[in-house]
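First listed ligand is number 1; within each ligand, the first listed atom is number 1. Here the structure is a predicted model, which is why all the values come from computation and not from measurement.
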Amino acid sequence: MPRRIAAKITGVSGYVPPKVMTNTDLEKLVETNDAWIRERTGIRERHVAEKGVASSDLATAAARQVLASRNVPASDIDLIVVASVTPDMMFPATACLVQNNLGATHAWGFDLSAACSGFVYALTVAAQFVGAGTQKKALAIGSDVMTSILNYGDRATCVLFGDGAGAVLLEPADRDDEGILDFVHEVDGSGGKYLFMPGGGSLHPSSHETINQKMHYIHQEGAQVFKYAVRRMAELACEMLERNGYTSKDLALVIPHQANLRIIRAMQDRLGVDDSKVMVNIERYGNTTAGTIPLGLCDAVEQGRLKKGDLVLLVAVGAGYTAGAVLLRWAY
Ligand code: UT7
């Protein structure tokens, strides 16, 4: 049964820090080369936050833009959900920092940790409150400063990620056939060992030893994550369509998480959609974790690839493993 939420996206904005790091720049830091990175991942460059710029700064910039684009004062926002695996601090929540930066004096909020699936989780969670009628306006934000946890000595991970954020405004749907038509989310914790950051939590609090052992960086078994991502992204995407009586022909646009262009292409082959129906911007941003899907939505709007009434599918897999897909009817 489809799980409809009577909420719709009424605005979207993205923000990336201005500094760009190209593949050629990375060649100076680690044993890699532009051709390998482009061929194996599709990435040409990524944006990098300056020292002292954190996830709340990126999230605030994206949120300010989305509010300005809809002429909504920050004081009208009831709820802020921020997805991030690189929060400014362990606590307070990044959502509290964003609330204060925005002057969203009537909002409550919290952070949510679901790695690359973070934005779709945040979208569903925030939309539930709006759909239930208990909150009128909510912000769902994905924001990550992945470069803060990258080991620039590990070529298998440091070339993949970049920094970025995106925010959507959620408001009640006016009609049954607009907004969020369905969602699916899942966790498979047996995959946690393939992508994680071991240090800095309650298991391994930061110490000289955790630093010496490089536990404050991302650790990944890329091939394992790759296989899981292709399989589950394709399966969840197909499940969303079938359950709602659609085929891939009905889709106007798929906005997949941007981890690797080869993952995206393999997923779309299984789904049966051609390149024109798939949003790809990984070449400019790399994997911004919770930022990829709202940045994809933002680019799609700016490029005129989304119009009112379009059937849109968002789909992601991330560390955890976490996974999710949201099917929506674009509403503005
Ligand atoms: O959003 C969820 C988070 N992450 C992902 O979705 C990532 C999923 N995984 C991937 O995208 C891919 O597995 C990677 C891009 C991480 C790796 O691609 P791959 O095609 O699976 O490469 P590989 O790890 O099998 O390595 C192939 C070769 C190795 O050399 P040998 O052993 O064949 O001599 C690596 O040492 O490529 C080498 N290599 C590199 N060479 C140049 C690995 N990284 C690099 C590099 N530059 N940056």
Side-chain angles (χ1 to χ4, degrees), residues 21-46 83-86 113-122 142-147 149-164 166 185-197 217-237 255-268 279-283 285-296 314-325:
M21 184 185 272
T22 64
N23 293 346
T24 315
D25 294 331
L26 276 165
E27 287 175 7
K28 293 168 199 142
L29 298 175
V30 69
E31 177 77 40
T32 189
N33 59 81
D34 174 54
W36 190 96
I37 302 172
R38 274 192 290 112
E39 279 159 24
R40 305 307 293 166
T41 73
I43 302 165
R44 306 172 81 89
E45 60 188 36
R46 69 288 292 140
S84 185
V85 287
T86 52
S113 174
C116 297
S117 310
F119 178 77
V120 283
Y121 277 39
S143 183
D144 272 300
V145 178
M146 294 306 289
T147 56
I149 56 169
L150 285 183
N151 175 2
Y152 281 100
D154 175 15
R155 67 180 185 175
T157 53
C158 74
V159 304
L160 305 175
F161 296 92
D163 303 333
H185 293 298
E186 65 178 25
V187 161
D188 175 358
S190 69
K193 55 183 176 288
Y194 299 122
L195 178 52
F196 62 109
M197 189 183 95
Y217 293 133
I218 291 180
H219 294 251
Q220 174 171 243
E221 281 187 41
Q224 293 289 343
V225 182
F226 189 103
K227 280 185 274 179
Y228 189 85
V230 170
R231 183 168 64 79
R232 284 315 283 155
M233 278 169 76
E235 287 170 355
L236 291 178
I255 304 187
H257 170 55
Q258 314 275 310
N260 187 319
L261 185 58
R262 291 185 295 133
I263 295 178
I264 296 171
R265 295 301 182 218
M267 182 273 298
Q268 79 180 68
M279 187 66 214
V280 172
N281 58 12
I282 191 171
E283 69 282 0
Y285 304 132
N287 181 352
T288 56
T289 301
T292 62
I293 289 184
L295 283 169
L314 316 179
V315 61
V317 160
Y321 295 122
T322 55

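When hydrogens are left out, the protein atom nearest atom 40 (C) of ligand 1 is W36 CE2, 3.3 Å; that is the closest non-hydrogen contact. Among protein heavy atoms, the minimum distance from atom 18 (O) of ligand 1 is reached at R262 NH2, 3.5 Å. Ranking the protein heavy atoms by distance from atom 11 (O) of ligand 1 puts N260 ND2, 2.7 Å first. Nearest protein heavy-atom neighbour of atom 29 (C) of ligand 1: R155 NH2, 4.7 Å. The single protein non-hydrogen atom nearest to atom 2 (C) of ligand 1 is C116 SG, 3.7 Å, given as residue, atom name and distance. In this structure, the protein non-hydrogen atom closest to atom 1 (O) of ligand 1 is H257 NE2, 2.8 Å.
Among the atoms of N287, some N or O lies under 3.5 angstrom from an N or O of ligand 1. Backbone and side-chain nitrogen or oxygen atoms of N33 are examined, and none is located within less than 3.5 angstrom of a nitrogen or oxygen of ligand 1.
Within the 4.0 Å cut-off (strictly below), no protein heavy atom is located near atom 34 (O) of ligand 1. Protein heavy atoms come within 4.0 Å of atom 43 (C) of ligand 1. Counting only heavy atoms, the protein never gets under 4.0 Å from atom 31 (P) of ligand 1. Inside a 4.0 Å radius of atom 48 (N) of ligand 1 there is at least one protein heavy atom. Less than 4.0 angstrom separates atom 24 (O) of ligand 1 from none of the non-hydrogen atoms of the protein.
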Verdict with supporting geometry, D188 and Y228, side chain to side chain contact (heavy atoms under 4.5 Å, CB included): CA-CA 10 Å; D188 175 358; Y228 189 85; 3.5 Å; yes
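For atom 9 (N) of ligand 1, the nearest non-hydrogen atom from the set G320, A259, G222 belongs to G222.
At a heavy-atom distance under 4.0 Å, only side-chain atoms of T41, from C-beta outward, approach ligand 1. Counting heavy atoms closer than 4.0 Å to ligand 1, residue L160 contributes side-chain atoms (C-beta onward) but none from N, CA, C or O. By the criterion of a heavy-atom distance under 4.0 Å, the side chain of L195, and not its backbone, is placed next to ligand 1.
Contact of the H185 side chain with the V120 side chain is registered, since non-hydrogen atoms from C-beta on lie closer than 4.5 Å. In this structure, N23 and N33 have side chains that are not in contact, with every pair of non-hydrogen atoms separated by 4.5 Å or more.
In this structure, I264 CD1 and M279 CE are separated by 10.0 Å, a value rounded to the nearest 0.5 Å.
A donor-acceptor pair shorter than 3.5 Å can be found between the side chains of S84 and D144. Between the side chains of D163 and T147, at least one donor N or O sits under 3.5 Å from an acceptor N or O.
Crowding of R44 atom CZ: a count of heavy atoms from other residues, nucleotides or ligands under 6.0 Å not exceeding 12.
The only option from L295, V145, N281 that meets the side chain to side chain contact (heavy atoms under 4.5 Å, CB included) definition with T288 turns out to be L295. Here the options are I282, N287, N260, the test is side chain to side chain contact (heavy atoms under 4.5 Å, CB included), and the partner is I43; only I282 passes.
By the 4.0 Å N-to-carboxylate-O rule, E186 lies close enough to R232 to be salt-bridged with it.
By the 4.0 Å heavy-atom criterion, T289 is excluded from the residues contacting ligand 1. The closest approach between any non-hydrogen atom of A229 and ligand 1 is not below 4.0 Å.
Ligand 1 places these atoms under 4.0 Å from at least one heavy atom of Q220: 3 (C), 4 (N), 5 (C), 7 (C). Shown in contact with R40 at under 4.0 Å from a heavy atom are these atoms of ligand 1, numbered in order with element: 20 (O). Taking a cut-off of under 4.0 Å to the non-hydrogen atoms of V159, the atoms of ligand 1 that pass are 48 (N).
For L160, the side-chain contact (heavy atoms from CB on, under 4.5 Å) test picks out T41, Q220, with sequence neighbours left out. For F196, the side-chain contact (heavy atoms from CB on, under 4.5 Å) partners two or more places apart in sequence, or in a different chain, are P198, H219.
Residue E39 comes nearest to R262 through the heavy atom pair O-CD, 4.0 Å, listed as atom of the first residue, atom of the second, then distance.
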